[in-house]
Asker: 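First the structure, which I've put down as structure tokens, then a few questions once you've had a look.
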Amino acid sequence: MSKVRVRFAPSPTGFLHLGGARTALFNWAFARKHEGVFVLRIEDTDVVRSTEESVDVILESLEWLGLFWDEGPKVGGEYGPYFQSERLHLYRQYAEKLVQEGLAYFCYCTPQELEERRQATLAAGKSWRYDRKCYLLTPREREKLENAGRKPVIRFAIPPGHTTFQDMLRGEVSFENQELDDFVIMKSDGIPTYNFACVVDDALMQITHVIRGDDHISNTPRQVLLYKALGFPCPQFAHIPMILGKDRTRLSKRHGSPSVTYYRDQGYLPEAMLNYLARLSWATGEEEKEIFTREEIIARFSLDQVTKHAAVFDLDKLNWMNGVYLRQASNASLASLLEEILVRNGKVRREDLTPSFRAYCEQVVAIMKDRLRYVAQLVEEGEYFFSEDFPFDEEAVRGVLFEEGTGEILRASLVRLQKVDDFTVPLLEEAIREEANRLGVKAARLIHPLRVAVSGKRVGPGLFELLAVLGKGRVLFRIERALRMLEERSSG
RNA sequence: GGCCCAAUCGAAUAGUGGUUAGUUCGGCGGGCUCUCAAUCCGCAAGCCGGGGUUCAAUUCCCCGUUGGGCCA
């Protein structure tokens, strides 16, 4: 059996979205599982919408996920080039071959002419398909049109009959050829259309298995016909389900963000993202197990465990899964992630990333790890770690800080804490519990107002851990400030 | 509009011609606890509808419905 060769072929017209990432993932897993080759090809024939930045973002996203390709941009390979824009001569060559063999033909109809005839046909209550007006053009007629300055497209002549292919997930899928149009394979500017370039490339790159989204099912009969016309062997096809948003429509900005880089920038871990994506549409074959390393994914991956129906992207589950990975990650790695996010959000300047700040970040993630779903939460909800100018939750102030008797308690706590030289968890705990005893109240009576005073929130990490991380100076300052808030309230 | 694909708890999925239809996330309740988490224990929640085939259908077939896709 020949070596498995699969490919992922994105168009660089934007970021890599989750659906594309999952398609890449399945291709990659399939290749690794079968010790085959994973090819990356950039389908940049749409000159207007394709950008170099987009290529970079897509490559970065794949690399971040650890979906490394064996052939393609940056790494090369013997079937290159891997950018379609550098393969135009190949498409031209094969298109001309089809024309010479009478399997494709030049068409000079203008868009306006086509539209007129389409409207007329529709008005007559019939469904429109290209009417093959140019199919039987004589050389003379063609010459005339050329001389009139018309630039032809090349259309593929759909043969009669029907086209059937085996889908690895769905079995036999069949189309009537008459439903297919004599579609354009080369535009008048010499740029191939998607189906044609795709077939030429997949054939020339010796792709054995085409694993792609099921939105391509209806392209497949056209492609199968092209393989036959070009005399290429057909690859195996597997159309995997799409990923939809919560409302079961195509994943888009409305559903949060569909881009891989967004999740990277929010502080999701690549292993978590990969794991979650793998679990969409794929049954691992194991109950009670959701967490899979990339090696485990490869070892278990099989296309016949892939479902046939669309999957809904569930942020809750991704968050849960990312939390699992976050808790497994080292404080050092999370701290460096946190630093990047702080810099990107303008909370910290790059030159302030000192070793001591790094140590501080490690302490922060150490006490926050258990309650994080993604690292950027620390920027969104944990301002109090990085600034004195953090918001106070109104409900916490009203319900906890302004409770009767809190002033005396805070003042007593302040005095007591001033005497604690070393802000370590055991010493802080001892101090607060002793002070509670002395005042004849439960420790909680001190703990809750203190938390609000130093963090502005009524929920958060354990108080003693929090005080220890913030350090004596900031803690005392914040308690004094809270006391002033209380005074202002009672006087005003 | 034409064609194609799909359908099990809210979500991801397992599974079967005869099962108390399993698991994970989420939800709810409880334990632990300074709060929130984390963690542990428990609970609720599903076979899209209608016809067949069959002793028996969630499972096989057909139709419909709904959702999605491609083309226009």
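Each chain gets a letter, A, B and so on, in the order its sequence line appears, and its residues count up from 1.
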Asker: Write down the partner of B:rC28 under the Watson-Crick or G-U wobble criteria, each distance required to be under 3.5 Å.
Answerer: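 B:rG42 - that is the nucleotide pairing with B:rC28, both distances being under 3.5 Å.
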Asker: What is the nucleic acid contact for A:Ser174, judged by heavy atoms within less than 4.0 Å: base, sugar-phosphate only, or nothing?
Answerer: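 Sugar-phosphate: the residue A:Ser174, judged by heavy atoms under 4.0 Å, touches backbone atoms but no base.
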Asker: Hey, would you say the A:Phe301 and A:Phe26 ring centroids sit under 6.0 Å apart?
Answerer: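 Yes - the distance between ring centres of A:Phe301 and A:Phe26 falls below the 6.0 Å cut-off.
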Asker: Does the distance from a Lys or Arg side-chain N to an Asp or Glu carboxylate O, for A:Arg41 and A:Asp202, drop under 4.0 Å?
Answerer: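 Between A:Asp202 and A:Arg41 there is a salt bridge, with a charged N closer than 4.0 Å to a carboxylate O.
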Asker: For the P atoms, the ones on B:rC32 and on B:rC41, what distance do you get once it is rounded to whole angstrom?
Answerer: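 Those two atoms are separated by 15 Å.
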Asker: Side chains of A:Asp247 and A:Thr249: is there a donor and an acceptor less than 3.5 Å apart?
Answerer: yes
Asker: Would you mind reading off the distance between A:Lys317 atom NZ and B:rC25 atom P, rounded to a whole angstrom?
Answerer: 7 Å
Asker: Assess whether a salt bridge exists between A:Asp201 and A:Arg7, defined as any Lys/Arg side-chain N lying under 4.0 Å from an Asp/Glu carboxylate O.
Answerer: no
Asker: Between atom OH in A:Tyr276 and atom P in B:rA11, what is the gap in whole Å?
Answerer: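 From A:Tyr276 OH to B:rA11 P: 12 Å.
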Asker: Answer yes or no on whether A:Arg478 is positioned over the face of A:Phe392, meaning its NZ or CZ is under 6.0 Å from the six-membered ring centre and within 45° of the axis.
Answerer: no
Asker: Pick the nucleotide of RNA chain B nearest each of A:Met242 and A:Leu318; which residue has the one closer to the 5' end?
Answerer: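 The residue mapped nearer the 5' terminus is A:Leu318.
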Asker: Look through every strand shown and name the nucleotide pairing with B:rA7 as Watson-Crick or G-U wobble, where both distances are under 3.5 Å.
Answerer: B:rU65
Asker: Have a look at A:Arg170 and say if it touches a base, only the backbone sugar-phosphate, or nothing, with a 4.0 Å heavy-atom cut-off.
Answerer: sugar-phosphate
Asker: Any salt bridge linking A:Asp314 with A:Lys317? Criterion: basic side-chain nitrogen under 4.0 Å from a carboxylate oxygen.
Answerer: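 No, this pair does not count.
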Asker: Does the gap between the ring centers of A:Tyr384 and A:Phe386 come in under 6.0 Å?
Answerer: no
Asker: Round to the nearest Å and state the distance from A:Asp215 atom CG to B:rA6 atom P.
Answerer: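 One finds 15 Å between P of B:rA6 and CG of A:Asp215, rounded.
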Asker: Please report the distance separating the P of B:rG17 from the corresponding atom of B:rC25, rounded so that it comes out in whole Å.
Answerer: 29 Å
Asker: Can you tell me, in whole Å, how much space there is between the C1' of B:rG22 and that of B:rU58?
Answerer: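 So the two C1' atoms sit 14 Å from each other.
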Asker: Does anything in residues 418-447 of chain A come within less than 4.0 Å of RNA chain B? Heavy atoms only, and list the residues if so.
Answerer: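 Heavy-atom contacts with RNA chain B come from A:Arg433, A:Ile447.
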Asker: Go through B:rA11, B:rC34, B:rC3 for me and flag the one nearest to the A:Val312 side chain.
Answerer: B:rA11
Asker: What contact category does A:Pro461 fall into here, base, sugar-phosphate, or nothing, at under 4.0 angstrom with non-hydrogen atoms?
Answerer: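 Counting heavy atoms under 4.0 Å across all strands, the contact made by A:Pro461 includes a base.
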Asker: What's the CG-P distance between A:Leu251 and B:rA11, to the nearest Å?
Answerer: 16 Å
Asker: Parallel under 30°, tilted from 30 to 60°, perpendicular over 60°: which one fits the rings of A:Tyr105 and A:Tyr135?
Answerer: perpendicular
Asker: Name the closest nucleotide to the A:Trp320 side chain, picking from B:rC70, B:rC3, B:rC25.
Answerer: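 Nucleotide nearest to A:Trp320's side chain: B:rC25.
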Asker: Once you round to the nearest 0.5 Å, how far does CZ of A:Arg300 lie from CD1 of A:Ile298?
Answerer: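 So the CZ of A:Arg300 and the CD1 of A:Ile298 are separated by 11.5 Å.
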Asker: How far does the C1' atom of B:rG50 sit from the matching atom of B:rA44, given to the nearest Å?
Answerer: 30 Å
Asker: Measure the distance from NZ on A:Lys457 to P on B:rC36 and round it to the nearest whole Å.
Answerer: 15 Å
Asker: Take atom P in B:rA38 and the same atom in B:rC28, then report the distance between them in whole Å.
Answerer: 13 Å
Asker: For the side chain of A:Arg279, starting at C-beta, report the closest nucleotide among B:rA12, B:rU35, B:rA6.
Answerer: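 Of all the options, the side chain of A:Arg279 is nearest to B:rA12.
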Asker: Write down the distance separating the C1' atoms in B:rC62 and B:rU53, rounded off to the nearest Å.
Answerer: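 Taking atom C1' in both B:rC62 and B:rU53, they lie 11 Å apart.
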Asker: How is A:Ile217 classified with respect to the nucleic acid when contacts are heavy atoms under 4.0 Å: base, sugar-phosphate, or nothing?
Answerer: sugar-phosphate
Asker: Rounding to a whole Å, what distance do you find between A:Met321:CE and B:rA12:C1'?
Answerer: 9 Å
Asker: Using atom C1' of each nucleotide, how far apart are B:rC71 and B:rA14 to the nearest Å?
Answerer: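 Rounded to whole Å, the distance is 36 Å.
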Asker: Counting heavy atoms from C-beta on, name the nucleotide in B:rU39, B:rG10, B:rA72 closest to the side chain of A:Arg118.
Answerer: B:rA72
Asker: With a 3.5 Å limit on both atom pairs, tell me what B:rG1 is paired to, counting Watson-Crick and G-U wobble, or say none.
Answerer: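 Its partner is B:rC71.
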Asker: One thing to verify: whether A:Arg398 and A:Glu395 come together as a salt bridge, which I'm taking to mean a side-chain N less than 4.0 angstrom from a carboxylate O.
Answerer: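 Between A:Arg398 and A:Glu395 there is no salt bridge, as every charged N stays at least 4.0 Å from the carboxylate O atoms.
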Asker: How long is the line joining CZ of A:Arg451 and P of B:rU35, in whole Å?
Answerer: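 Checked: the CZ to P distance equals 8 Å.
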Asker: Name the residue closer to the 5' end of RNA chain B, choosing between A:Gln305 and A:Phe175 according to the nucleotide with the nearest heavy atom.
Answerer: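 So the residue in question is A:Phe175.
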Asker: P atom, B:rU39 versus B:rU24: distance in rounded Å?
Answerer: 13 Å
Asker: Think A:Arg155 forms a cation-pi with A:Tyr130, using NZ or CZ under 6.0 Å from the six-ring centre and within 45 degrees of its axis?
Answerer: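 That pair qualifies as a cation-pi contact.
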Asker: Could you check which of B:rU23, B:rA6, B:rC36 has an atom nearest any side-chain atom of A:Glu288?
Answerer: B:rU23
Asker: Can you find a side-chain donor-acceptor pair between A:Thr424 and A:Asp422 that sits under 3.5 Å?
Answerer: no
Asker: Short of 4.0 Å, heavy atom to strand atom, which residues of residues 364-392 of chain A count as contacting RNA chain B?
Answerer: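 RNA chain B contact set from residues 364-392 of chain A: A:Asp370, A:Arg371.
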Asker: Would one find a side-chain N or O of A:Arg250 under 4.0 angstrom from OP1 or OP2 of B:rG69?
Answerer: yes
Asker: Which part of the nucleic acid, if any, lies within contact of A:Thr249, taking any heavy atom under 4.0 Å across all strands shown: a base, the sugar-phosphate backbone alone, or nothing?
Answerer: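 Touches sugar-phosphate only.
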Asker: Rounded to the nearest angstrom, tell me the gap between atom CG in A:Asn319 and atom P in B:rG27.
Answerer: 11 Å
Asker: Does B:rU20 have a Watson-Crick or wobble partner in any strand here, with both distances under 3.5 angstrom, and which is it?
Answerer: none
Asker: For A:Arg129, which contact category applies under a 4.0 Å heavy-atom criterion: base, sugar-phosphate, or nothing?
Answerer: nothing
Asker: For the rings on A:Tyr94 and A:Phe232, is their centre-to-centre separation under 6.0 Å?
Answerer: yes
Asker: Please list residues of residues 289-297 of chain A whose heavy atoms come under 4.0 Å from any atom in RNA chain B, ordered by number; otherwise none.
Answerer: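 Contacting residues: A:Glu290.
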Asker: Is there a side-chain polar atom (N or O) of A:Arg248 under 4.0 Å from OP1 or OP2 of B:rA11?
Answerer: yes
Asker: Between A:Tyr268 and A:Tyr262, does the ring centre distance come in under 6.0 Å?
Answerer: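 Centroid distance A:Tyr268-A:Tyr262: not below 6.0 Å, so no.
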Asker: Among B:rG68, B:rA11, B:rC70, find the nucleotide with the atom closest to the side chain of A:Arg222.
Answerer: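 So the side chain of A:Arg222 is nearest to B:rC70.
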Asker: Is it true that A:Arg150 and A:Glu113 have a side-chain N and a carboxylate O under 4.0 angstrom from each other?
Answerer: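 Looking at A:Arg150 and A:Glu113, the cut-off is met.
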